[in-house]
Colleague: 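Provided herewith is a single structure, encoded as structure tokens, for subsequent inquiry.
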2 protein chains.
Amino acid sequence: MPASTRASGEVPHRAEAERRRAGRPSSAVLDKAGITAAALKLIEKNGYNGLTMAALARSLNVAPSALYNHVTSKDDVLLLVEDHLAALVDVSPFGREPWDEAVRQWAWSYRDVFAQHTPLIPVIAVLPVTDAPQTLAMYETVSAGFRDAGFPAEQIIPAIVALESFIFGSAYDVTAPADIFDPGDMAGSTPNFTGAVESLARLGHERPADVAFALGLEVLINGFGALRKH
Amino acid sequence: MPASTRASGEVPHRAEAERRRAGRPSSAVLDKAGITAAALKLIEKNGYNGLTMAALARSLNVAPSALYNHVTSKDDVLLLVEDHLAALVDVSPFGREPWDEAVRQWAWSYRDVFAQHTPLIPVIAVLPVTDAPQTLAMYETVSAGFRDAGFPAEQIIPAIVALESFIFGSAYDVTAPADIFDPGDMAGSTPNFTGAVESLARLGHERPADVAFALGLEVLINGFGALRKH
DNA sequence: ACCACTAAATGAATGCCATTCATTTATACG
DNA sequence: CGTATAAATGAATGGCATTCATTTAGTGGT
């Protein structure tokens with residue numbers, strides 16, 4: 001990211017010389033990779049509230065309007081970030097581990113990545129995979145894993161979608177406050193719920209979100225596993 | 001909602017006379033119920049993009065700043081809407097139907113309600129139940145249904161959370177565009193994924209989101225059903 | 001070595017948004 | 001009857017994504 005090494009207030013296009021010396025053909029200060037990297041750094045430091053087009057431009061020593069030569073909208077930036085994160089999801093267990101263990105490791109990895117990035121979930125859910133090559137690559141690997149495990153072809157997508165839905169929903173749970181289930185002054189009128197919450201709290205120090213995710217995931221793996229033809 | 005029957009541009013507090021005649025003690029033009037109803041009407045007509053504090057105030061014949069005497073923020077409005085919707089989720093099968101059928105009907109109802117209101121999902125996920133009495137009431141009924149079906153107390157909350165996570169994730173799927181799985185020009189490099197998508201498309205006219213939801217839900221019901229002590 | 005073309009930058013302006021605050025109004029209460 | 005209070009007003013604020021006319025700098029052709 002050469003742009004970020006320039007002092008602010010310099011004249012435009014100054015980075016071009018460096019860029020050509022480095023063998024890159026483009027004459028632009030900005031490109032999608034640089035924008036993505038800067039956006040991620042911004043999100044890590046200040047969260048998604050800190051990701052504004054103005055802040056993103058400032059971190060790249062560029063005017064906000066310059067970004068629009070490379071992305072069409074802020075949603076486009078979010079899409080770039082999403083696709084970058086998709087590459088961080090660990091699909092390596094497929095082909096190495098047995099199917100059930102591969103799904104388990106993939107699902108935990110997937111949830112953990114997006115638990116840190118829940119504001120992306122509404123974007124992903126409506127996102128045509130065409131626009132997200134890394135995401136598509138993940139689907140390809142997972143699909144192959146399901147096929148090789150003996151899954152009927154027409155059940156592969158539904159099973160993956162169901163798992164993904166569970167994963168996205170569970171990613172939100174990770175970010176929930178610890179007292180989310182505190183019934184407050186309604187405890188008296190909700191004895192069953194309150195009792196259930198207390199009996200869970202009584203035994204475990206494990207995060208409730210992790211208990212629920214583990215429980216649901218094992219059930220899904222078990223149930224889907226039975227669909228395979230050996 | 002008497003306020004909405006007043007012509008616009010009238011003098012303030014004009015609705016008070018009506019209000020007292022109707023037996024209501026409050027002297028306010030606005031209240032939470034009226035705000036909630038107006039917000040819902042606005043959402044139905046123009047979607048969540050149409051729900052702005054200004055538009056909400058206009059629909060109530062009131063200045064935007066007046067809203068802040070009754071809610072602390074726009075998120076507060078969303079919370080009111082969410083809790084109203086929670087009351088629309090059908091929990092009546094619990095106590096009437098067998099456990100598995102009750103869960104099935106509840107889950108479909110829950111998904112269908114929030115598929116129309118996905119922008120609320122990020123709000124719900126982080127929402128302490130204390131602030132949402134209708135939501136809490138739903139949890140109470142469901143918890144009772146699980147307990148009566150022989151569920152171990154400490155598993156009830158994890159099971160409900162897992163189901164809810166799956167439901168929220170699946171609600172997003174309903175809103176996804178039909179071509180979401182079209183691999184475009186990457187079809188050649190993703191044979192397994194593309195094949196899986198095609199073999200699903202080949203057989204069914206059912207919405208993919210419904211196929212995946214049905215599949216995942218049945219697996220979850222089956223797996224959780226096995227946890228019960230008879 | 002020049003010139004025209006084009007991609008990519010600038011910065012000013014736009015319009016929308018949630019939210020705040022000093023002020024005013026109308027009702028309830030002592 | 002006057003005073004306190006809840007609830008309204010409307011003007012102002014600051015932040016935001018996005019647009020656009022303009023300028024800049026490097027590319028490729030002659």
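What you see below is based on every heavy atom in this structure, not just the backbone, and it leaves out hydrogens, waters and symmetry mates. Throughout, protein chains are lettered first and strands after them, A, B, ... in sequence-line order, and every chain is numbered starting at 1. Since this is a predicted model, take the numbers as computed values, not measurements.
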Colleague: Which label fits F114(B) and F168(B): parallel for a plane angle under 30°, tilted from 30 to 60°, or perpendicular past 60°?
Modeller: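 F114(B) and F168(B): perpendicular rings.
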Colleague: Counting heavy atoms from C-beta on, name the nucleotide in dG11(C), dA18(C), dC21(C) closest to the side chain of S65(B).
Modeller: dC21(C)
Colleague: Quickly work out the M53(B) CE to dG14(D) P distance and round it to whole Å.
Modeller: 20 Å
Colleague: Figure out the CG/P separation between D31(B) and dA6(D), and round it to whole Å.
Modeller: 17 Å
Colleague: Under the criterion side-chain contact (heavy atoms from CB on, under 4.5 Å), which of I43(A), N46(A), L40(A) is the partner of L51(A)?
Modeller: I43(A)
Colleague: When the distance from OH of Y48(B) to C1' of dC17(C) is rounded to whole Å, what number comes out?
Modeller: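 Spelled out: OH on Y48(B) to C1' on dC17(C) is 18 Å.
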Colleague: I'd like to know if N69(A) reaches the base of dA7(C) with its side chain, counting only an N/O donor and acceptor under 3.5 Å.
Modeller: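 Under the 3.5 Å cut-off, the side chain and the base do not form any donor-acceptor pair.
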Colleague: If only side-chain N and O atoms of H70(A) are considered, is one of them under 4.0 Å from the OP1 or OP2 phosphate oxygen of dA9(C)?
Modeller: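 Answer yes for this pair, as a side-chain N or O of H70(A) is under 4.0 Å from OP1 or OP2.
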Colleague: Rounding to a whole Å, what distance do you find between R58(B):CZ and dA8(D):P?
Modeller: 18 Å
Colleague: L51(A) CG to dG15(D) C1': how many Å, rounded?
Modeller: 14 Å
Colleague: Could you go through the side chain to side chain donor-acceptor pair (under 3.5 Å) check for S165(B) and D173(A) one step at a time?
Modeller: CA-CA 8 Å; S165(B) 300; D173(A) 296 335; 2.5 Å; yes
Colleague: Whole Å only: how far is the CD1 atom of I35(A) from the C1' atom of dA8(C)?
Modeller: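 Going from I35(A) (CD1) to dA8(C) (C1'), I get 11 Å.
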Colleague: So what does T52(B) touch, heavy atoms closer than 4.0 Å: a base, only the sugar-phosphate, or nothing?
Modeller: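 Result for T52(B) = sugar-phosphate.
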Colleague: How long is the line joining CG of L67(B) and P of dT20(C), in whole Å?
Modeller: 13 Å
Colleague: Provide the closest heavy-atom pair for I160(A) versus S143(A) in the form atom of the first, atom of the second, distance.
Modeller: CD1-OG, 3.8 Å
Colleague: Under 4.0 Å between a side-chain nitrogen and a carboxylate oxygen: does that hold for K32(B) and D83(B)?
Modeller: no
Colleague: Quick check for you: among dT9(D), dT19(C), dA9(C), whose closest atom lies nearest to any side-chain atom of V62(B)?
Modeller: dT9(D)
Colleague: Among the candidates dT9(D), dA9(C), dT10(C), find the nucleotide nearest to the side-chain atoms of A66(B).
Modeller: dT9(D)
Colleague: In whole angstroms, how far is the P atom of dC16(D) from the CG atom of N49(A)?
Modeller: 9 Å
